[in-house]
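To start, the structure itself, in structure tokens.
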Amino acid sequence: AIILDISLMNKILEIDKENFTATVEPGVILEDFQKYVESLGLFYPPDPGEKRASIGGNISTNAGGMRAVKYGVTRDYVLGLELVKADGTVITVGSKNRKDTTGLDLKDIVIGSEGTLAVITKCLLRLVGKPEKSLSVLACFDSLKNGIGAVTEILKANLNPTALEFIEKKVVNLGEDFLNLKFPADSEAYLLLTFDGNADEIDSAVKKLGETLKNRAEKIITLDDSSLSQNVWKIRGCLVKAVEAVSEQEPLDIVVPIAKVADFVNFVNELEKSSGMQMISFGHAGDGNVHLCVVRGNRSEKEWEDELHENLEKLYAKARELGGLISGEHGLGVSKRDFFFAETPPQNVALMNAVKLAFDPKKILNANISYVK
């Protein structure tokens with residue numbers, strides 16, 4: 001195999017303030033890019049958990065993140081791409097134009113294709129104006145069911161939060177212990193929201209949130225102290241690292257319809273009890289994306305392999321029963337191949353492979369991952 005390292009292709013080539021676009025090379029680091037455009041009064045909304053990931057990697061996996069509930073995912077901010085096909089042909093797809101119905105959208109076919117179709121060598125990105133202010137709010141509930149039930153009401157009220165996360169008490173405790181920090185309240189479940197925009201918009205949204213949740217939430221805490229807000233988000237953001245500090249884990253990013261999140265998490269908790277395998281769930285309540293750490297513990301290699309596969313089959317089967325999918329934003333890679341083929345209609349797989357062959361007839365680009373047979 002050959003690994004192509006594009007990390008030195010890390011230049012920001014152009015910021016077009018008049019058209020709200022940026023042209024960058026694929027090795028540009030997300031965190032660095034966001035800081036740079038914000039210093040210019042602009043904003044690049046995609047915000048996946050790994051801030052040191054590359055823009056090219058984000059595009060290849062169609063990365064999502066916490067801001068997706070308001071702003072969408074990476075796909076919504078890619079206007080064009082320069083690509084190198086497997087035979088060395090260089091092509092450009094997309095443009096600075098916001099609308100395009102001139103044939104099939106080849107750009108969108110490549111976004112999220114995990115390197116199976118072409119090598120990205122240049123990225124044309126859409127920017128927006130930088131929000132004036134951002135404010136987080138912690139809503140506390142006596143049960144996960146009540147917390148998730150409130151999500152539909154929040155979305156119906158058109159509060160338009162930037163982020164809308166759910167966390168259970170046992171998961172918060174894990175983050176608290178790892179960072180030696182404390183949440184500002186002790187409840188069974190939480191919704192963590194962020195609002196951004198101008199001050200009046202945010203004040204109105206927070207007030208309306210209180211009215212919407214007055215018969216559901218135990219309390220609502222406005223995190224207007226910056227250090228408190230940072231600590232709460234640090235606890236939310238460290239959960240995977242907290243698990244990995246003590247054990248190997250299998251990361252899942254199952255997505256289910258929003259109204260089914262509580263049903264799925266309750267299933268996870270019951271499976272944890274019956275299987276004896278620790279399972280840490282949290283995620284994006286606003287779009288139904290449940291992140292799940294399935295923890296190895298002290299199992300031998302064979303025990304881990306056998307029990308993990310058995311539990312993954314149960315988790316993916318439950319997600320399918322609820323109308324969900326095996327991946328919301330991480331992609332398929334190698335580990336999810338068997339589960340993907342088991343639940344994807346053969347005609348869909350055949351069509352995906354036909355697209356693959358059109359781009360890469362010899363199947364030399366990432367031929368062993370995802371949908372390629």
Side-chain angles (χ1 to χ4, degrees), residues 139-151 165-179 182-183 185-192 216-218 235-285 288-328 330 335-336 338-339 342-343:
C140 310
F141 299 87
D142 59 5
S143 69
L144 177 67
K145 182 178 180 180
N146 271 338
I148 298 300
V151 172
E165 302 288 295
F166 77 88
I167 325 173
E168 288 186 282
K169 178 180 180 178
K170 66 174 185 178
V171 182
V172 168
N173 292 342
L174 185 70
E176 289 176 325
D177 292 342
F178 180 70
L179 293 177
K182 293 295 290 183
F183 246 43
D186 184 18
S187 294
E188 289 301 312
Y190 308 88
L191 291 180
L192 179 56
R216 273 191 180 271
E218 292 182 320
I235 291 170
R236 162 61 184 90
C238 80
L239 299 177
V240 173
K241 291 180 180 178
V243 172
E244 291 177 339
V246 296
S247 175
E248 180 182 350
Q249 58 100 16
E250 180 76 10
L252 308 184
D253 72 315
I254 289 168
V255 62
V256 296
I258 294 170
K260 299 295 184 180
V261 169
D263 292 339
F264 183 72
V265 175
N266 285 333
F267 174 81
V268 171
N269 290 338
E270 290 303 315
L271 181 60
E272 179 182 48
K273 292 176 185 176
S274 63
S275 68
M277 183 172 281
Q278 186 180 17
M279 300 181 188
I280 307 297
S281 54
F282 51 93
H284 314 316
N289 198 176
V290 180
H291 289 282
L292 184 60
C293 299
V294 183
V295 184
R296 175 174 176 170
N298 59 4
R299 291 170 175 80
S300 69
E301 191 67 35
K302 187 175 188 313
E303 288 172 333
W304 169 236
E305 184 177 330
D306 292 345
E307 292 181 41
L308 175 65
H309 187 80
E310 180 182 346
N311 286 322
L312 289 181
E313 285 187 330
K314 293 175 181 177
L315 289 164
Y316 288 138
K318 184 63 177 182
R320 186 166 60 249
E321 175 191 320
L322 296 173
L325 300 168
I326 63 176
S327 178
H330 288 174
S335 64
K336 298 173 185 172
D338 292 344
F339 300 107
E343 62 182 53

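Computed over heavy atoms, backbone and side chain alike; hydrogens, waters and symmetry mates excluded.
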Give the minimum heavy-atom separation between [X] and [Y], together with the two atoms involved.
X	Y	answer
Phe282	Cys293	CE2-SG, 4.2 Å
Pro257	Gly324	CD-N, 4.1 Å
Asn311	Met277	ND2-SD, 3.4 Å
Ala185	Cys140	CB-SG, 3.7 Å
Ala285	Ile148	CB-CD1, 4.4 Å

message: Please determine whether side chain to side chain contact (heavy atoms under 4.5 Å, CB included) holds for the pair Phe264 and Val255, giving the CA-CA distance in whole Å, both sets of side-chain angles, and the decisive distance to 0.1 Å.
response: CA-CA 10 Å; Phe264 183 72; Val255 62; over 6 Å; no
- request: Decide yes or no on side chain to side chain contact (heavy atoms under 4.5 Å, CB included) for Phe178 and Leu239, but give the supporting numbers first.
  value: CA-CA 8 Å; Phe178 180 70; Leu239 299 177; over 6 Å; no
Just how far is it from atom [atom1] of [X] to atom [atom2] of [Y], taken to the nearest 0.5 Å?
X	Y	atom1	atom2	result
Glu165	Leu192	CD	CG	6.5 Å
Ile258	Asn289	CD1	CG	11.0 Å
Asp186	Glu218	CG	CD	9.0 Å
Phe141	Glu168	CZ	CD	13.5 Å
His330	Leu252	NE2	CG	9.0 Å
Leu191	Arg216	CG	CZ	10.0 Å

[Y] side chain reached by [X] side chain, heavy atoms, under 4.5 Å:
X	Y	result
Ser335	Glu250	yes
Val265	Phe166	yes
Val240	His291	no
Leu292	Val268	yes

Take atom [atom1] in [X]; do more than 12 heavy atoms of anything else shown fall under 6.0 Å from it?
X	atom1	value
Glu303	CD	yes
Lys182	NZ	no
Lys169	NZ	yes
Asp306	CG	yes

- prompt: Does Lys273 come within less than 4.0 Å of Glu270, counting only side-chain N to carboxylate O?
  reply: yes
query: Should the pair Glu244-Arg296 be classified as a salt bridge under the 4.0 Å nitrogen-to-oxygen rule?
result: no
task: Using the six-membered ring wherever Trp is involved, compare the ring planes of Phe183 and Tyr190 and label them parallel, tilted or perpendicular (cut-offs 30° and 60°).
output: perpendicular
- request: Any chance you could lay out the side chain to side chain contact (heavy atoms under 4.5 Å, CB included) test for Lys318 and Leu271, step after step, and finish with the verdict?
  value: CA-CA 11 Å; Lys318 184 63 177 182; Leu271 181 60; over 6 Å; no
- prompt: Between Val294 and Leu315, is a side chain to side chain contact (heavy atoms under 4.5 Å, CB included) present by the stated rule, with each step listed?
  reply: CA-CA 10 Å; Val294 183; Leu315 289 164; 4.2 Å; yes
field: Summary of salt bridge (Lys or Arg N to Asp or Glu O under 4.0 Å) pairs that have at least one residue in residues 251-263, sequence neighbours excluded
entry: Asp253-Lys336
message: Checking Glu313 against His309: is there a side-chain donor and acceptor pair closer than 3.5 Å?
response: yes
task: Applying side-chain contact (heavy atoms from CB on, under 4.5 Å) between Gln278 and each of Val246, Val295, Val243, report the one that passes.
output: Val295
